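Written below as structure tokens is the structure these notes are about.
Each ligand, and each atom within it, is numbered from 1 in the order the structure gives. Quantities reported herein were computed from a predicted structural model and do not represent experimental measurements.
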Amino acid sequence: MSEFQTSPGMRDILVPDSARVRAVVDAFAAAAEGAGYELIVTPLLEDAGVFERVGEATEVVEKQMYRFTDLGGRDVALRPEFTAAIGRAFVQHRPPTPWKVWTSGSNFRYERPQRGRYRQFEQVDAEVLGSDDPLVDVEMIALGWRFLAALGLRQVTLLLNSLGELAERAAYVDALRQHFGAHAATLSEASVATLARNPLRVLDSKRPEDQELIAAAPSIEQFYGPASAAHLDVVRDGLDLLGIPYTVAPRLVRGLDYYVRTTFEYAGGTLDSAQNALGGGGRYDGLVEALGGPSTPGIGLAIGVDRTLLACDDEGVFAAPASVVDVFVVDTTGGAAALTICDDVRSAGLRADRAFDHRSMKSQMKAADRSGAAIAVIVGSDEAAAGTAVMRSLHDGGAQRVVARADLVSHLTAELKAPRR
Ligand code: AMP
């Protein structure tokens, strides 16, 4: 074993997985930009206060942040999530609203590593700040749903809930505190601790000994006022209109204190139930205010790329995009011809590779086959002297012809554009 290995919960991602990660991000980018979301890129490192302010009572912030003092004495943290960072950016730049943004990248949480749970993981994310319209909720839920479907996933369930307005939610939290508090003796130790911090989160417990009490807990629906009930109705009608199936899940909660009204989750049908959330999101109020901005409603969506790919593996969909070049240049005259030909071919927008180290013709032809290229361009001493090159098809029987070096790129372009294979 080599002296240095990746840290626990951190991974090198090599092909084909690296290509799949990028392809997932590309698919999300296409979906988000196709719906008018602009790309935002925020720093990996923020003032720790950004996350602390927003997620005071959450485990992520309390126990899992990579937080340290930098050389300038600043209290900083690697971002554990995007929403707070994007809220900070909103306050800093004050863009016109509604502000629709998407992003992707690594987040860091000091978790217990296991399948689908890492200390550095990739998310794609979308946020809309400055609109209260329930149709924004529908648009965002549909964005995630269509994106997962576009990857080929068919066994995803959409769970939908509303946490009510802030006051309704607070009344519900009180009711939960009373309910669980009265039966604390039968709760798991972990849930007793959670109860003290954030009673809503007890509903998230997967421990068997908690399930009976959770099932008997009051339901949020009893606490909705007319406005939040109406908001939820519009969201449901919108999803129905789009033909997106969902299950109302009154026990679905989001941890942060600022989450109100709509919450949703995409559950992967093939994953272990403790780790089956591919992603989710919800509305938040008060987050922008907590970060020093004007009162601004918002809604966000985050989907884990790693876990989404595990679900794709389970369903046998979204294979790695093939990494192939169009042209492989075989040069037995020393390698300089391959240098200029590759450069010309690449400048014309085609993908080209070559061999190095003065390999034999046979070895270079093998490399050409392995490269997946459709055409090998071969230059030996005769071609070099005559100012020509051989174009040989690698896919259909090895047909070949000699072309003038000056016309090579246009021949390649024409050949590769022609419908073949
Ligand atoms: P959250 O930001 O906690 O709502 O998480 C949103 C999604 O990000 C989850 O559904 C997961 O797919 C993914 N995710 C969160 N934490 C991790 C982690 N530690 N490792 C891998 N994926 C994660």
Looking only at non-hydrogen atoms, which of [options] approaches [atom] most closely?
atom: atom 21 (C) of ligand 1; options: Gly304, Ala311, Gly116; value: Gly116
atom: atom 1 (P) of ligand 1; options: Arg115, Glu122, Arg109; value: Arg109
atom: atom 19 (N) of ligand 1; options: Gln114, Glu111, Gln123, Arg119; value: Glu111

Side chain, backbone, both or neither: which part of [X] comes within less than 4.0 Å of ligand 1 when only heavy atoms are counted?
X: Glu265; answer: neither
X: Thr308; answer: neither
X: Phe121; answer: side chain

Is a side-chain donor-acceptor pair under 3.5 Å present for [Y] with [X]?
X: Ser106; Y: Gln120; result: yes
X: Tyr172; Y: Glu221; result: no
X: Glu38; Y: Trp102; result: no

Charged tip of Arg79 within 45° of Phe82 ring normal and under 6.0 Å: no
Protein contact of [atom] - nearest heavy atom, named by residue and atom, plus distance:
atom: atom 12 (O) of ligand 1; answer: Leu278 O, 2.9 Å
atom: atom 4 (O) of ligand 1; answer: Arg254 NH2, 3.2 Å
atom: atom 9 (C) of ligand 1; answer: Ala277 O, 3.7 Å

Please step through side chain to side chain contact (heavy atoms under 4.5 Å, CB included) for the pair Asp137 and Arg283, ending with a clear verdict. CA-CA 8 Å; Asp137 310 21; Arg283 274 205 165 270; 2.8 Å; yes
Report yes or no: does a heavy atom of Glu81 sit under 4.0 Å from some atom of ligand 1? no
Does ligand 1 have an atom that lies less than 4.0 angstrom from a heavy atom of Gly280? no
Starting from the C-alpha separation in whole Å, work towards a yes-or-no answer on ring pair (Phe, Tyr, Trp, His ring centres under 6.0 Å) for Phe264 and Tyr266. CA-CA 7 Å; Phe264 57 96; Tyr266 308 97; 5.8 Å; yes
Quick note on ligand 1: atoms under 4.0 Å from a heavy atom of Tyr118 include exactly 18 (C), 19 (N), 20 (N), 21 (C)
Out of all atoms in ligand 1, which are within 4.0 Å of some heavy atom of Gly279? Include the element for each. 10 (O)
Keeping Ser228 on the side-chain end and Tyr224 on the backbone end, is there a donor-acceptor pair under 3.5 Å? no
Please lay out, stage by stage, how Ser188 and Ser191 fare under the test side-chain hydrogen bond (donor to acceptor under 3.5 Å, both in side chains). CA-CA 5 Å; Ser188 66; Ser191 288; 3.1 Å; yes
Would you say CZ of Arg207 has more than 12 non-hydrogen atoms from neighbouring residues, nucleotides or ligands within 6.0 angstrom? no
